[in-house]
Amino acid sequence: KKRRHRLRHRLRHRLRHRLRHRLRHRLRHRLRLRLRLRLRHRLRLRLRLRLRRRLRLRRWPCYSQIHSKKNMKITIVGSGYVGLVSGTCFAEMGNQVTCVDNNPAKIENLNKGLLPIFEPGLEAMVLKNIKSNNLFFTTNLEEAIQVSEILFIAVGTPMGHDGSADLQDVFGVAKLIGTSIQKKLVIVNKSTVPVGTADKVKEIILKELEKRNVSIDFDVVSNPEFLK
């Protein structure tokens with residue numbers, strides 16, 4: 001009986017010890033996990049604060065600061081798929097955009113909110129920006145050039161018989177720019193054109209300025225339609 005009692009007592013003591021050990025181990029493990037998570041969270045917060053301080057010191061503009069600059073006057077020549085979508089998006093960002101096209105019927109329909117193309121959400125954006133006086137449609141390129149800071153060339157460049165792009169419309173716009181420009185202007189070529197077109201556009205504008213005997217500063221840059 002004494003032996004049995006001793007054995008039972010030892011077994012109970014061992015079981016209690018094991019249970020206590022397991023519970024302690026689990027508690028320690030949980031505490032360690034919590035501490036690790038807290039430390040990670042604190043480190044992340046510290047890193048974020050350091051990055052924010054560095055960005056403030058460098059004075060890099062954030063996205064909202066870049067796009068809060070309103071009333072930048074933009075002209076887009078060509079109110080097709082590329083020109084209309086780009087112009088509407090620029091207007092949605094707070095800029096004053098004038099879309100120009102040589103088709104009076106298209107311009108009349110656009111002023112009424114009738115779009116020649118379908119793009120999800122585009123019609124609502126067009127109507128909204130027409131009402132807020134951020135988006136205008138006209139056939140008068142000369143007037144639009146005189147009030148704009150940036151001009152996008154987004155006219156069509158259909159494929160010719162030999163497979164090359166037909167650049168007549170692009171060069172026609174360049175000629176009109178040369179005859180109408182009155183102040184510094186940034187000209188952005190958004191049409192699909194071959195390499196070297198920017199130089200040709202610049203040459204055409206310079207020739208027209210020479211005919212007028214004036215010297216006006218301007219820049220020609222390239223921004224293909226597949227880039228923002």
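Numbering starts at 1 and runs along the sequence shown. Computation of the quantities below employed the complete heavy-atom set of this structure, encompassing side-chain atoms and omitting hydrogens, waters and symmetry-equivalent molecules. This is a predicted model, so every value here is computed, not measured.
- When all heavy atoms are compared, the tightest approach of Ser79 to Ile107 is OG-CD1, 4.3 Å.
- Ile205 and Phe152 are not part of a single hydrophobic cluster, where members link through side-chain heavy atoms under 4.5 Å apart.
- Side-chain contact check for Asn111 versus Phe136: every heavy-atom pair is 4.5 Å or farther apart.
- Nearest heavy-atom pair across Leu151 and Ile153 is CD2-CG1, 3.8 Å.
- What you find for Ser180 and Glu142 is that their closest heavy atoms are OG-CG, 3.2 Å.
- For the pair Glu210 and Lys207, the salt-bridge criterion is not met [side-chain N within less than 4.0 Å of a carboxylate O].
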Audit row: Thr157, Leu167, side chain to side chain contact (heavy atoms under 4.5 Å, CB included) steps and yes/no: CA-CA 6 Å; Thr157 53; Leu167 304 176; 4.0 Å; yes
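- In this structure, Leu33 and His29 have side chains that are in contact, with non-hydrogen atoms separated by less than 4.5 Å.
- Atom CD1 of Ile204 is separated from atom CG of Asp199 by 11.0 Å, given to the nearest 0.5 angstrom.
- Residues Phe90 and Ile117 share a single hydrophobic cluster, defined by chaining ILVMFWY side chains whose heavy atoms lie under 4.5 Å apart.
- Under the side-chain hydrogen bond (donor to acceptor under 3.5 Å, both in side chains) criterion, Lys128 pairs with Glu92, sequence neighbours left out.
- Side-chain contact check for Phe218 versus Leu206: some heavy-atom pair is nearer than 4.5 Å.
- Nearest heavy atom pair, residue Cys99 against residue Gly83, reads SG-O, 4.3 Å.
- Here Asn129 contributes atom CG and Asn95 contributes atom CG; the two are 10.0 Å apart, rounded to the nearest 0.5 Å.
- Distance check: Arg38 CZ to Arg42 CZ gives 7.0 Å after rounding to the nearest 0.5 Å.
- Between the OG atom in Ser86 and the NZ atom in Lys190 there is a gap of 4.5 Å [rounded to 0.5 Å].
- Looking only at side-chain heavy atoms (C-beta outward), Leu122 and Leu84 come within less than 4.5 Å of each other.
- Residues Val201 and Ile216 are members of one and the same hydrophobic cluster, defined by side-chain heavy-atom contacts under 4.5 angstrom among Ile, Leu, Val, Met, Phe, Trp and Tyr.
- Residues Pro116 and Leu110 approach most closely at CD-CD2, 3.7 Å, considering heavy atoms.
- Residues Ala154 and Ile76 share a closest heavy-atom pair of CB-CG2, 4.2 Å.
- The closest side-chain heavy-atom distance from Val221 to Asn223 is not below 4.5 Å.
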Intermediate values then yes/no, salt bridge (charged side-chain N to carboxylate O under 4.0 Å, His left out), Arg212 and Glu208: CA-CA 6 Å; Arg212 293 167 56 194; Glu208 294 301 319; over 6 Å; no
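- In the hydrophobic clustering of this structure, Val188 does not group with Val155; members are Ile, Leu, Val, Met, Phe, Trp, Tyr whose side-chain heavy atoms approach within less than 4.5 Å, directly or through other members.
- Met93 and Met72 fall within a single hydrophobic cluster, where Ile, Leu, Val, Met, Phe, Trp and Tyr are joined by side-chain heavy atoms under 4.5 Å apart, directly or via other members.
- For the pair Phe137 and Val126, the minimum side-chain heavy-atom distance is below 4.5 Å.
- The distance from the CD atom of Glu143 to the CD atom of Gln146 is 7.0 Å, given to the nearest 0.5 Å.
- Here CG of Leu185 is found 13.0 Å from NZ of Lys73. Values are rounded to the nearest 0.5 Å.
- Applying the side-chain contact (heavy atoms from CB on, under 4.5 Å) criterion to Thr138, with sequence neighbours excluded, gives Thr98, Val100, Asn140.
- Within the 4.5 Å cutoff, the side chain of Tyr81 has heavy atoms near those of the Glu119 side chain.
- Using a 4.5 Å cut-off on side-chain heavy atoms (C-beta onward), Val82 and Ser191 make no contact.
- Applying the side-chain hydrogen bond (donor to acceptor under 3.5 Å, both in side chains) criterion to Gln168, with sequence neighbours excluded, gives no partner residue.
- For the pair Ser148 (side chain) and Ile145 (backbone), a donor-acceptor distance under 3.5 Å is present.
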